[in-house]
Amino acid sequence: MRDEVKRKFVYDFEEGDAAMTNLLGGKGANLAQMVRNGLRVPPGFIITTQACLSYLQEGEKLLEDIWPSIREALSRLEVKTGKKWGKGPFPLLVSVRSGAPVSMPGMMDTILNLGLNSETLPLLSHASQNERFAFDSYRRFIQMYAEVVKGLASASFEEILAEVKAREKIQFDYEISTDGMRSVVSAFLAIYEAKVGEPFPQDPWEQLRQAIAAVFRSWNSSRAITYRELNSIPHTLGTAVNVVSMVFGNLGEQCGTGVCFTRNPSNGCPDLYGEFLINAQGEDVVAGVRTPLPISELRYVMPDMHEELLGVAHSLENYYKDMQDVEFTIENRRLYILQTREGKRSAAAAVKIAHDMVREQIINRQEALKRVTPRDAELLLHKQVPSDVHVSLLAEGLPASPGAGKGIITFTPDEAVRLTSEGQKVVLVRPETSPDDIHGLAVAEAVVTSRGGMTSHAAVVARGMGKPCVTGCESLSINIEQGILQKGDIVLSAGDFITVDGSYGRVLLGDVPLVDAQITAEFSEMLQWADNVASLQVWANADTPLDAKRAREFGAKGIGLCRTEHMFMSQERLPIMERMIVAESKEKRLSDLELLKAMQKEDFRAIFTEMDGYPVIIRLLDPPLHEFLPKEGDIKKRILELPTDMEEKERLFREEELIDMLKKIESLKEVNPMMGFRGCRVGIIYPEIYEMQIRAILEAAIEAQKNGVTVIPEIMIPLVGISGEMEFFRHTVDRIAQEYYKSTGASIDYKVGSMIEVPRAILITEKIALYADFFSFGTNDLTQAVFAYSRDDAESKFLGAYLEKELLTENPFHILDREGVGEMMHFCVDKARKTRQNISLGICGEHGGNPESIAFCHALGLDYVSCSPFRIPVARLAAAQAALGFTN
Ligand code: ADP
Ligand code: MG
Ligand code: MG
């Protein structure tokens, strides 16, 4: 006997639990757990993922082997339900549902009402006292079986339904009469036979066997394989099959079906949230055909059921300790739960729910911090329609996915892709969306559908992608062929501009100005929890007092990089800078530097004041000098444009000045400016420039301190590659500080450190660390130098191809290259700490705002990461998650 035969491939719900996801699939394991927890679940059994994997190897043989267990499980179902398989008085029908260990699209769609045939049909009709229901169930089964098992297209079935509805002069499937349904069934059977080349299978065992095999095979459908590859899901998991006795939501007015989130997945409020339909089966709710009622209405339609559902929601949340997405069916005022799983939610809801669950003592703070992804944090900084601007409402629908977006109307996904590739911003507008529209959804700024509810395809996908979406705008009539959108006498065409407010379910006319989002009190409290568990601090890259203010608002614990070059770029300062650079004598240069110093000092004072009590790292001048000079062409133009009515002498003088500048530009020209005369090299050749900046910093610090501000200035020398450079500036700063101490009697705590961005500096870490109080990894330049890539050239010429060929797995300018750049950092950190135990270490490249890179910095044991102010919430969360050993 083979080993597998002895293995157990079939489990009754009673035998499983939530921990058995790998064997029973997510859906099966949760159904089993709900049975254990005493919830009312229709009886059923699960065929394991192992059976699937064996079937994919052995084929039909496996089915033969497990068939006896399936027969036994089915007869237990007969006992539990009191119904009979293929017989009366009440025939047992089942659903066959796929369920992999991870939730995965591309798997087989569920088949409902399996077990119906020409014999059981009249029995069902009799037992239910509802002939129309029996025919309705049968036609659904035939169509689902044909599509799912035999791969027939839905079109011919839809045509028949359309014909019958036209004949009966009605709009919806659920309005079709009993006679109509009867004719639909015979037409469906005929189509099936014509297209498949054999009659519709009448033997329920045969139906079951085919359906199970189809689920197994769907594991290897090309859609499923692609999805697994895109999401790094192992191909070796397999899918389980759930065989569940049917309960009927379409038996009449005392029945219904619905989906319900235990909390609001859009804003996180702790109310039941979802929708239901009276007298409907299975997918009717999510299909977007009939617009369902909100779950809150259930309270009025069937108060007892609403009450019971609340209890179920409560018990599920207490067990799973998370918000659940629940499917239910009401059969003659009896509530059955058909599925539960963790509910997908918007970023805002993720924060609110995690925060509330801590307050409700369902989870602790650390757990809450894991529930919000860095991506959520990023989405929360989404745009909104400001409440105080005047808007013209085009239509109202359901707030299916929050945030606001705007663009020109586009009716087809292909067109959306084409227009966005031309740089346009588009809003995708459709009656409803399907998986075939994904590429359009992906590029759109926002999505609007006239049909469907909060759980329609468009809604679910948009929430996942973090795009604004409004569904169920029933007052809009959309004509895709003509490319128009109509509401009363307003007619809009493709190309017209609209704004979509997904947070409030509004579609607005025209281009409404949007505002950046605010951080809610709950989110900011969670970020404080994050700071408490993180060992990395989050600092900001901020160049101006305004940036500094924003950085503090977002919770930065310091400024990791204040670049001074922008301070020279304003209209009034640039000419002085130009003059300073071209000055032919040091005296002239010094007088201009004096002017610049006064200006920089003011900037620094304002920044220190904003950052009262927090360190501010100021980097001395970094870019090549020529960046401050005008282009050659501009100067030639300036010469030509010298006023003619000017005195001759004056004119000659001005002309000479400009010619000097031309010469200077000529002399500053470099073959490779990135590796040329820049950074501290400029400070070595023109010490007076750096000296001016050092003086501005120290004077500003002393003055701010006098005004009661706690200043912690840190002076950073860029592009250090040899220890002599660092030594020189260390002494310069110390000397100037001593002078000030003497002349003012003041003293301040300052630090001098080095940016680490030249590979050589890393190799001689120990020597540089002798003179440096801190190191800050400038990972943008460091990555360029370590790879010998110039970023712009790499990104525009070959990096894309490298990624495609998988020579690189990530763009190293986005995600820190651990293997190369990271290894160098590691070396540097080790040596630096050996030389100077309390040296402060941080990172100020763009990587400082990237969650994966932050996790690496945590592992390296850095003291802080510094990133752009807008990424601070993301970084704070990522730093906490790294400390909790959690990666998303
Ligand atoms: P999906 O994974 O696409 O949600 P499901 O297996 O959950 O597929 O089923 C699709 C629909 O059919 C759901 O609305 C579900 O509640 C319903 N359904 C599944 N099994 C049964 C059953 N035994 N009785 C009644 N409705 C069912
Ligand atoms: Mg489901
Ligand atoms: Mg640099």
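Counting convention: from 1, in listed order, for ligands and their atoms alike.
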So, of the N/O/S atoms that E327 has, which is the nearest one to the Mg ion (ligand 2)? OE2

Parallel, tilted or perpendicular for F261 and Y273, by the 30°/60° rule? tilted

Parallel, tilted or perpendicular: which describes the rings of Y145 and F141, with under 30° parallel and over 60° perpendicular? perpendicular

Considering only heavy atoms, does [X] approach ligand 1 within less than 4.0 Å through its side chain, its backbone, both, or neither?
{"X": "S98", "result": "neither"}
{"X": "M246", "result": "both"}
{"X": "V259", "result": "neither"}
{"X": "V244", "result": "both"}
{"X": "K27", "result": "side chain"}

Decide whether an N or O pair under 3.5 Å exists between [X] and ligand 1.
{"X": "V247", "value": "yes"}
{"X": "T257", "value": "no"}
{"X": "T329", "value": "no"}

Min heavy-atom dist G99 to ligand 1 below 4.0 Å: no

Cation-aromatic face contact K195/Y192, 6.0 Å, 45 degrees: no

Checking K344, R341, R345 against D322 for salt bridge (Lys or Arg N to Asp or Glu O under 4.0 Å), the one that qualifies is R345

Side-chain polar contacts of residues 32-40 - donor-acceptor pairs under 3.5 angstrom, sequence neighbours left out - could you list them?
from, atom 1, to, atom 2, distance (Å)
Q33, OE1, A18, N, 2.8
Q33, OE1, Y319, OH, 3.2
Q33, NE2, N37, OD1, 3.0
Q33, NE2, Y319, OH, 3.2
R36, NE, G16, O, 2.6
R36, NH2, E14, O, 3.3
R36, NH2, G16, O, 3.2
R40, NH1, E308, OE2, 3.4
R40, NH1, L335, O, 2.8

Taking it one step at a time, do L428 and L441 satisfy side chain to side chain contact (heavy atoms under 4.5 Å, CB included)? CA-CA 7 Å; L428 186 64; L441 286 156; 4.2 Å; yes

For ligand 1, which atoms sit closer than 4.0 Å to a heavy atom of Q339? 4 (O), 7 (O)

Do L309 and I295 touch side chain to side chain, with heavy atoms closer than 4.5 Å? yes

Is the Mg ion (ligand 2) under 2.8 Å from any N, O or S atom of Q339? yes

For a quick test of reading the model, state the closest non-hydrogen atom pair linking E175 to R132 and the distance between them. N-NH2, 4.4 Å

